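Note sheet for the following structure.
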Amino acid sequence: MNYKMIVLDMDDTLLKDDHTISERNKKAIKAAQEAGKYVVLASGRPTPAMVQYAKELELDKYNSYIISFNGGQIINMADETCIFEQTLAVEDIHKLYDFSKEHKTAFITYYDGKIIGTQESEYIDVEKNITGMPYVVVNDLKANITKNCVKCLLLEEPNYLKQVETKLKSYRPDLSVSLSKPFFLEVMPQGIDKAATLKRLIDQLGIKQEETIAVGNAENDLTMIEFAGLGVWVKNVTPELKNCANLIVSSNNDDGVAEVIEKHML
């Protein structure tokens with residue numbers, strides 16, 4: 001198959017544990033782009049926490065794209081314009097916040113370039129570290145969230161959060177809910193996930209589904225892994241998902257992304 005696009009999850013897939021991109025991965029990604037292939041980053045991260053990496057990989061030079069907020073936005077890196085966005089209504093954000101309080105989880109959303117929440121948490125600290133975005137603690141979240149946001153996160157200890165995930169999916173089957181890390185429960189608008197947004201992008205570019213490769217490691221990557229012509233997990237995939245891809249390659253710390261590109265695109 002002549003694959004025309006590779007779509008890469010970032011954390012725990014493309015990025016090593018220290019949040020850097022290996023030289024082998026960079027070299028492979030550049031070679032793919034020079035060969036006329038699209039390289040797309042697809043992450044639960046907010047847009048501001050992805051642009052720097054996209055530029056490091058020269059996605060702007062090669063007129064490529066990023067899919068941010070777990071599918072909530074598509075950004076054209078050529079000029080950094082948003083060509084697609086779908087948001088959660090204010091009313092839904094307020095209800096999700098009430099749900100999080102009832103179930104004793106931390107809660108954050110993204111508003112005017114900042115992370116907004118009502119408390120400190122070791123898991124919020126992880127998100128602050130990953131994104132580099134300012135975190136604003138407010139006393140009254142509802143009073144401070146007065147317009148739509150792209151997504152929300154519920155954060156708590158992994159075993160407990162898995163139970164909360166089940167309850168939230170039952171409570172709001174109309175929303176898109178998935179884990180991006182064991183302690184990050186992502187909530188997006190109905191019909192928004194990495195696969196749905198990837199389909200929007202390839203339809204616009206005239207690329208066929210079977211001409212795509214997707215690489216990931218976690219539950220929020222599952223839809224695009226199942227959607228792509230070649231779905232690939234890195235070795236450090238969440239264990240219960242191992243059988244859901246066509247292929248498993250080396251881990252995020254051992255150049256798994258380069259392995260895929262070198263074998264299937266170059």
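None of the values given here were measured: they were computed from a predicted structure.
- For Ser176 and Asp193, the side-chain atoms include no donor-acceptor pair closer than 3.5 Å.
- When atom types are taken as modelled, the side chain of Asn252 and the backbone of Leu15 share a donor-acceptor pair closer than 3.5 angstrom.
- Considering only heavy atoms from C-beta on, Arg24 comes within 4.5 Å of Glu262 through its side chain.
- Looking at every heavy atom in both residues, Val39 comes nearest to Leu59 through O-CD2, 3.4 Å.
- Here the shortest heavy-atom pairing between Gly231 and Ala245 reads O-CB, 3.4 Å.
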(request) May I have the step-by-step check of salt bridge (Lys or Arg N to Asp or Glu O under 4.0 Å) for Lys95 and Asp98, ending in yes or no? (result) CA-CA 5 Å; Lys95 287 180 178 177; Asp98 288 340; over 6 Å; no

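- Rounded to the nearest 0.5 Å, atoms SG (Cys149) and CD1 (Ile93) are 3.5 Å apart.
- Between the side chain of Ser180 and the backbone N or O of Asn220 there is no donor-acceptor pair closer than 3.5 Å.
- Summarising the geometry, atom OH belonging to Tyr65 is positioned 15.5 Å from atom CZ belonging to Arg200; distances are rounded to the nearest 0.5 Å.
- Placement of Tyr62 and Leu266 in two distinct hydrophobic clusters is found when ILVMFWY residues are connected by side-chain heavy-atom separations under 4.5 Å, directly or transitively.
- Judged purely by atom type and a 3.5 angstrom limit, Asn148 uses its side chain to pair as donor or acceptor with the backbone of Val90.
- Linking Ile, Leu, Val, Met, Phe, Trp and Tyr residues whenever their side-chain heavy atoms come within less than 4.5 Å places Met188 and Ile74 in a single cluster.
- For residues 129-172, the pairs satisfying ring-ring contact (aromatic ring centres under 6.0 Å, His included) are Phe99-Tyr171, with sequence neighbours left out.
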(request) Check the pair Lys55, Glu80 against side-chain contact (heavy atoms from CB on, under 4.5 Å), reporting the backbone distance first and the verdict last. (result) CA-CA 10 Å; Lys55 289 183 175 180; Glu80 294 185 44; 2.7 Å; yes

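- Within 6.0 Å of CG on Asn139 lie no more than 12 heavy atoms contributed by other residues, nucleotides or ligands.
- Between the side chain of Lys194 and the backbone N or O of Ala42, at least one donor-acceptor pair lies under 3.5 Å.
- Proximity of a side-chain donor or acceptor of Arg45 to a complementary backbone N or O of Asp11 within less than 3.5 Å is not detected.
- Residues Trp233 and Asp221 form a side-chain contact, since some pair of their non-hydrogen atoms from C-beta on lies under 4.5 Å apart.
- There is a side-chain donor-acceptor pair under 3.5 Å between Lys37 and Asn2.
- Of the possible polar contacts, none joining the Asp60 side chain to the Met77 backbone as a donor-acceptor pair under 3.5 Å is found.
- Ion pairing between a basic and an acidic side chain is recognised when a charged N comes within 4.0 Å of a carboxylate O; Lys27 and Glu23 show no such pairing.
- Under the 4.0 Å criterion applied to side-chain N and carboxylate O atoms, Lys181 and Glu127 are not assigned as salt-bridge partners.
- Side-chain polar atoms of Asn253 and Ser251 form no donor-acceptor pair below 3.5 angstrom.
- More than 12 heavy atoms of other shown residues, nucleotides or ligands fall within 6.0 angstrom of atom CG in Asp79.
- Ile225 is not listed as a side-chain neighbour of Cys244, based on a closest heavy-atom distance of 4.5 Å or more.
- Inter-residue side-chain proximity for Pro46 and Val150 is flagged as unmet; no heavy-atom pair is nearer than 4.5 Å.
- Here the CD atom belonging to Glu226 is positioned 10.0 Å from the CG atom belonging to Asn246, to the nearest 0.5 angstrom.
- The backbone N or O of Thr197 sits nowhere less than 3.5 Å from a side-chain atom of Gln86 that would complete a donor-acceptor pair.
- Between the Lys104 side chain and the Glu156 main chain, no donor and acceptor come within less than 3.5 Å of each other.
- Cluster annotation: Ile261 is connected to Leu57 through the hydrophobic network of ILVMFWY side chains, with a link wherever side-chain heavy atoms come within less than 4.5 Å.
- Side-chain contact between Met224 and Thr212: absent, with no pair of heavy atoms (C-beta onward) separated by less than 4.5 Å.
- Residue Ser43 comes nearest to Met10 through the heavy atom pair CB-SD, 3.9 Å, listed as atom of the first residue, atom of the second, then distance.
- Residue Glu240 qualifies as enclosed at atom CD: its count of foreign heavy atoms under 6.0 Å is above 12.
- With Val136 as the partner, the side-chain contact (heavy atoms from CB on, under 4.5 Å) test is satisfied by one option alone out of Ile116, Ile108, Asp112, Thr118: Ile116.
- Inter-residue side-chain proximity for Ile29 and Leu14 is flagged as met; some heavy-atom pair is nearer than 4.5 Å.
- Proximity of a side-chain donor or acceptor of Gln209 to a complementary backbone N or O of Phe227 within less than 3.5 Å is detected.
- In terms of hydrophobic clustering, with Ile, Leu, Val, Met, Phe, Trp and Tyr side chains grouped at heavy-atom distances under 4.5 Å, Ile67 and Leu222 are assigned to different clusters.
- More than 12 heavy atoms of other residues, nucleotides or ligands lie within 6.0 Å of NZ in Lys26, so this atom counts as buried by the packing criterion.
- Residue Lys142 places its NZ atom among more than 12 non-hydrogen atoms of other residues, nucleotides or ligands, all under 6.0 Å distant.
- Residues Ile83 and Gln204 meet the side-chain proximity criterion, which asks for heavy atoms closer than 4.5 Å.
- Ion pairing between Glu219 and Lys162 holds under the 4.0 Å rule for side-chain N and carboxylate O.
- For the pair Ile6 and Val232, the minimum side-chain heavy-atom distance is 4.5 Å or more.
- Expressed to the nearest 0.5 Å, how far OH of Tyr123 lies from CD of Glu157 amounts to 5.5 Å.
- Nearest heavy atom pair, residue Met5 against residue Leu201, reads CE-CD2, 4.2 Å.
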(message) Apply side chain to side chain donor-acceptor pair (under 3.5 Å) to residues Asn76 and Thr81 and explain how you reach the verdict.
(response) CA-CA 5 Å; Asn76 182 344; Thr81 56; 4.7 Å; no

(request) Step by step, work out the side-chain contact (heavy atoms from CB on, under 4.5 Å) result for Glu120 and Val137. (result) CA-CA 8 Å; Glu120 297 290 349; Val137 178; 3.6 Å; yes

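- Shown here for Ser178 and Asn70, the closest heavy-atom pair between the two residues is OG-ND2, 3.6 Å.
- For the side-chain contact (heavy atoms from CB on, under 4.5 Å) with Phe184, the lone residue among Leu179, Val126, Leu154 that qualifies is Val126.
- Using a cut-off of 4.0 Å between Lys/Arg side-chain N and Asp/Glu carboxylate O, Lys128 and Asp125 are scored as salt-bridged.
- What you find for Leu205 and Tyr38 is that their closest heavy atoms are CD2-OH, 3.8 Å.
- Interatomic distance, Ile192 CD1 to Glu85 CD, rounded to the nearest 0.5 Å: 10.0 Å.
- In Lys169, the NZ atom is crowded: over 12 heavy atoms of neighbouring residues, nucleotides or ligands sit closer than 6.0 Å.
- For the side-chain contact (heavy atoms from CB on, under 4.5 Å) with Val234, the lone residue among Asp254, Asp255, Val215 that qualifies is Val215.
- With Tyr110 contributing its side chain and Thr47 its backbone, the two residues share no donor-acceptor pair below 3.5 Å.
- Both Tyr111 and Val138 are members of a single hydrophobic cluster when ILVMFWY side chains are connected at heavy-atom separations under 4.5 Å.
- Residue Asn217 holds its CG atom at 6.0 Å from OG1 of Thr238, rounded to the nearest 0.5 Å.
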